[in-house]
Undergrad: 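Got a structure for you, questions after.
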Amino acid sequence: MRPFAYVKAADVDEAVRAATGPGVKFLGGGTNLVDLMREGIERPDTVVDVTGLPFDTIEELPSGGLRIGALVRNSALAADARVRTRYPMVSQALLSGASAQLRNMATVGGNLLQRTRCPYFYDHASACNKREPGAGCDALGGFNRSTAILGVSEHCIAAHPSDLCVALAALDAIVEVRGQDGTRRVPMADFHRLPGDTPDIETALAPGELVTAVELPPAPAAANSRYRKVRDRASYAFALVSVAAALEVRDGAITDVRLALGGVAPKPWRATEAERLLLGGPADEGAFRRAAEAELASATTRDGNAFKARLAVATITATLRELGGTAR
Ligand code: SF4
């Protein structure tokens, strides 16, 4: 590992001050950053340790939502009774990820900022636009079974790795960030970027901005929600396809539906077209399947990942059926 400066921030102002200038990384749980530093993918000049900041609580909001500090550990968030009751998809998403040991270390803020697991990103002998802008992308014609099929570009087809972020996207979460110019709130839909021709720029964070909290707005439909993850083995594996879904049905008609996908796009993918088609219509399997097929109609597939489009349709349909749809 190459040498770097280490700063233990005493408060948020000191953390933000220490992050001015290039080559600075914030350290939370370190479950992704330290791996990337060991591999020489991340090469910060300064690491600002923020683990001493008071961002480790989950608070009720007057609106009825929850405010989750960026340093809340994944295991603590998954176990929180309010989350399990009011937003079960969040708890299920967290528990489907990584291992118990990693969940005990990993933080909510770090989860938002974890980087792709595309194998070429980690291989210095391979061309990767995300690691080295302008180098090319060996995944395009290579081993691309795990890569994305929605929102991709010719510069990068890497899938976003987070489970939690898929649930946060479905719930219209708000990300609170703090920088030199104060605090701002970024809708989850705008927090992660699609690759375009700059796949190395993954979020809407300005240089030196620190994630301080995530807000979950009140969402009554989320009490009836589910996170379903399809992967190659039952634990400690990233999603081939995942679905975060919430469904509210009255008198046979869908009155609220939230749907987001993981494993299929470079960012947590809110399935807005499927939601549009479903809202107000019948809660039956035919409607679920038609909406899922419409969402996947714009997929750009390659030899290795073409199966994901069919798998996503089947997983969306099965998840909504489980939440209260009827067979037809
Ligand atoms: Fe790099 Fe993205 Fe291509 Fe993977 S898909 S090699 S991360 S540019």
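Atoms within each ligand, like the ligands themselves, are counted from 1 in listed order.
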Undergrad: If the threshold is 4.0 Å, N to carboxylate O, is there a salt bridge linking Arg193 and Asp200?
TA: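 Salt bridge: no.
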Undergrad: Is the number of heavy atoms from other residues, nucleotides or ligands under 6.0 Å of Tyr6 OH greater than 12?
TA: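 Counting other residues, nucleotides and ligands, OH of Tyr6 exceeds 12 neighbours.
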Undergrad: Under 2.8 Å from atom 1 (Fe) of ligand 1, which protein N/O/S atoms are there?
TA: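 Hits for atom 1 (Fe) of ligand 1 below 2.8 Å: Cys128 SG.
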Undergrad: By number and element, which atoms of ligand 1 are closer than 4.0 Å to a non-hydrogen atom of His155?
TA: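 What qualifies from ligand 1 is 8 (S).
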Undergrad: Charged N to carboxylate O under 4.0 angstrom, Asp123 versus Arg131?
TA: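 Salt bridge flag = no for Arg131 with Asp123.
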Undergrad: Does a salt bridge link Arg276 with Glu273, judged by any charged N lying under 4.0 Å from a carboxylate O?
TA: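 Salt bridge between Arg276 and Glu273, a charged N being under 4.0 Å from a carboxylate O: yes.
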Undergrad: Does Arg250 pair with Glu248 as a salt bridge, N-O distance under 4.0 Å?
TA: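 Glu248 and Arg250: salt-bridged.
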Undergrad: Where is the tightest heavy-atom contact between Leu53 and Ala15, given as atom of each residue plus distance?
TA: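 So the two residues come closest at CD1-CB, 4.1 Å.
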Undergrad: Closer than 4.0 angstrom, basic N to acidic O: yes or no for Arg43 and Glu132?
TA: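 The answer is no: the pair does not qualify as a salt bridge.
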Undergrad: Determine whether any heavy atom of Ile157 lies closer than 4.0 Å to an atom of ligand 1.
TA: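 For ligand 1, residue contact (heavy atoms, under 4.0 Å) with Ile157 is present.
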